[in-house]
Amino acid sequence: MNAFANSALQRRLAVGAFALVLCSFALTLPGFPPLDLATFLLGRQDRWLLLAQALILIVIGQRIGSLARPIAFSRATLCAAAVLLLAFCYLGHVWALCSYDLSRDEQMAVFDARIFSAGLRAQPLPSFWQLHTPALNTLFMLPVDRPVAWVSAYLPVNALLRALVGAVVDPAFTSPLLTAVGLVALYKCARLLWPDDREAAAIACLLYLTSGQILLAGMTAYAMPAHLTFNLLWLWLFLMRRWQADIVALLIGFAATGLHQPLFHPLFVAPFLLLLLPERAWARLGIYGVGYALICGFWLAWPGWTHAFVAGPNSITATAGTDYWSRLKLVLSANTDPRWFDMSANLLRFVAWQNILLLPLMVAGAALAWRNRMAAALIASFILPIVIMTVIIPFQGYGFGYRYVHGAIGSAILIGVYGWRRLPAEESLVRRLIVRGAIATAIVIVPMQLWMAHRPYAAFASVEARVAASGADYFAVGGADTSFSGDFVINNADLSNRPIRIFAEALQPAFMADLCRTKPRIGLPTTRLFRPIDTYFGARPDPAADNRIKNLTPALEAAGCRVVIVDESRERGF
């Protein structure tokens, strides 16, 4: 019986795994689909992860035998795992990600945290930069021309968390700390869902600890680790079924909704609140209904309040982009041709960055949705952001796996535990497979993921290091000098960094006359400077940077600036 079950289980897993591999390779065929960052990363990283996972499933399924002894996860083990997870994520930020903030989302979290650490709601801008703010990069800021202050257009809680942690230790500890707390919260959720089955909580923790998406996101400044942890804390409190816990859950919900975008947490909680309808728990439903109406109203009004701090008497505000309704209309009106390709790539990327066995366990657990309300709510909380983001904005930019469902990974794991519990006849076989899968993920897949994450971060960090060491007062980079070169135009909110990064496109005669009045040193990059980035993306060097040196240097020097050429291997005066 065991041999038959072993063979059938191995066959199903292998077929499913290689089907995903074929899909990933099909989506990365040259010229199909339209190439963007999602399909590029699928081809550069994730299809190889999926292939490695498929091969590992075949290997670990050989002579699997059985494991009758339950997997144990004591409280002491939980605490030790949380501490090791904290250390792993922080060291990963330093070593694997080079202590660098790659994406604009990460940069904005750090940017806002410095403002809040100074006790400010928004950072006042010097009068010179009020006139020339677009040169500094205003992407993901409120659409205000000639602002008197600046702060990102994101909601503030993620940055506030970084500011609070930064008051004690390195703010880069924020995401590692949240990731460690998320492990404990997941364990508590599993214990409440299955109070008579301690092994269920152990399985949940193993799936959490071997998720590359959780581990790598925990090394960044993204808001996603906070989304995951706050959602798990909320679910833990909700499952307690006590009015005191419900009040605390609403406080958690207030913070979670205000992390960076107001959509993700309400999408997570909605299916669980619907569970209160068949239970006729009208009092709880009323408390949560009123609470979330107030929470959503507060955070939807936040951009308007922020605008009052940013706009001055001479400011000009765009007709759309300040409030969330106008932002939504702008996004929906944008070109969405690659929508289905992007979402397909996103979902394949999600699978590639999880434990090898999470997807098959989720499939097994999904069958319970028809007769178990909690399982149905967990599935809905995972699917809802996929459906909504497919409609609104399937493109996620950078990320490990699919970060728009990061807050719902806890739901995915708990669905997987439901799947584990549905296999009593094969329990001893699956237990052995889970142990082998966790070990293989830890020693093969996670190192691959660390290396894949390191490469782009290291490429950008090496260029940034040369810019920082240039000795210039300003550094002008073109928005198309290399892939995502605009992300180099990021500064401290108080503009205390040197060189101050600006867009080279802003170097028009009037701006150059104002900028060069004090005879500053202005750095211009060579095309060679971006070689690490061009190499990673497989792009041919664009001569725009070298051409700019030839064309702009005479005008800059005539205006009074001293030009510094920032090269790949050295910095030298022109």
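Being a predicted model, the structure only gives us computed values, none of them experimental.
Contact of the F400 side chain with the Q45 side chain is not registered, since no non-hydrogen atoms from C-beta on lie closer than 4.5 Å. Contact annotation: the side chain of M219 never approaches that of S175 to less than 4.5 Å [non-hydrogen atoms, C-beta and beyond]. Counting heavy atoms from C-beta outward, W48 and Q53 have side chains that stay 4.5 Å or more apart. Residues P394 and M389 are not in side-chain contact: their nearest non-hydrogen atoms beyond the backbone lie 4.5 Å or more apart. For the pair T220/H93, no side-chain contact is recorded, criterion being any heavy-atom separation below 4.5 Å from C-beta on. Side-chain contact check for R349 versus L41: some heavy-atom pair is nearer than 4.5 Å. Residues T257 and P266 have side chains in contact (heavy-atom distance under 4.5 Å, counting atoms from C-beta outward). Contact annotation: the side chain of I203 approaches that of I71 to within less than 4.5 Å [non-hydrogen atoms, C-beta and beyond].
The backbone N or O of L161 sits nowhere less than 3.5 Å from a side-chain atom of N158 that would complete a donor-acceptor pair. A distance-only check finds no donor-acceptor pair linking the side chain of H227 to the backbone of G407 [under 3.5 Å]. No donor-acceptor pair closer than 3.5 Å links the side chain of R162 to the backbone N or O of T174. Put simply, the side chain of D112 gets close to the backbone of S152: a donor and an acceptor are under 3.5 Å apart. The closest donor-acceptor contact from the side chain of Q213 to the backbone of Y402 lies under 3.5 Å. A distance-only check finds a donor-acceptor pair linking the side chain of D197 to the backbone of A200 [under 3.5 Å]. With hydrogens and angles ignored, the 3.5 Å screen pairs a side-chain donor or acceptor of Y208 with a backbone N or O of T179. Although no hydrogens or angles enter the test, the distance criterion places no donor-acceptor pair under 3.5 Å between the side chain of T210 and the main chain of A442. Q123 places no side-chain N or O within 3.5 Å of a backbone atom of V151 that could act as its donor or acceptor partner. In terms of modelled atom types and a separation under 3.5 Å, the side chain of S211 and the main chain of I214 share a donor-acceptor contact.
By the 6.0 Å contact criterion, CH2 on W305 is enclosed, its count of non-hydrogen atoms from other residues, nucleotides or ligands being greater than 12. Within a 6.0 Å radius of CH2 in W282, more than 12 heavy atoms belonging to other residues, nucleotides or ligands are found. Annotation: R242, atom CZ; neighbour count of heavy atoms from other residues, nucleotides and ligands within 6.0 Å does not exceed 12. Sparse packing is recorded around CZ of R373, with 12 or fewer heavy atoms of other residues, nucleotides or ligands lying under 6.0 Å away.
Aromatic ring centres of F264 and H260 lie closer together than 6.0 Å. F484 and Y398 have their aromatic ring centers within a separation under 6.0 angstrom.
A salt bridge links R403 and D105; the closest N-O separation between the charged side-chain nitrogens and carboxylate oxygens is under 4.0 Å. Taking 4.0 Å as the cut-off between side-chain N and carboxylate O, R241 and E279 count as a salt-bridged pair. In this structure, D246 pairs ionically with R284, as a charged nitrogen and a carboxylate oxygen lie closer than 4.0 Å.
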**Study point:** Trace of the ring-ring contact (aromatic ring centres under 6.0 Å, His included) decision for W302 with Y324
**Key:** CA-CA 10 Å; W302 185 266; Y324 282 108; over 10 Å; no
**Study point:** Audit row: Y404, F350, ring-ring contact (aromatic ring centres under 6.0 Å, His included) steps and yes/no
**Key:** CA-CA 10 Å; Y404 288 165; F350 172 80; over 10 Å; no
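With W299 as the fixed residue, the ring-ring contact (aromatic ring centres under 6.0 Å, His included) test singles out one of Y292, F254, Y154: F254.
Here L57 contributes atom CG and R436 contributes atom CZ; the two are 12.0 Å apart, rounded to the nearest 0.5 Å.
The aromatic rings of H265 and W234 stand perpendicular to each other, their planes meeting at an angle above 60°, with 30° marking the opposite boundary.
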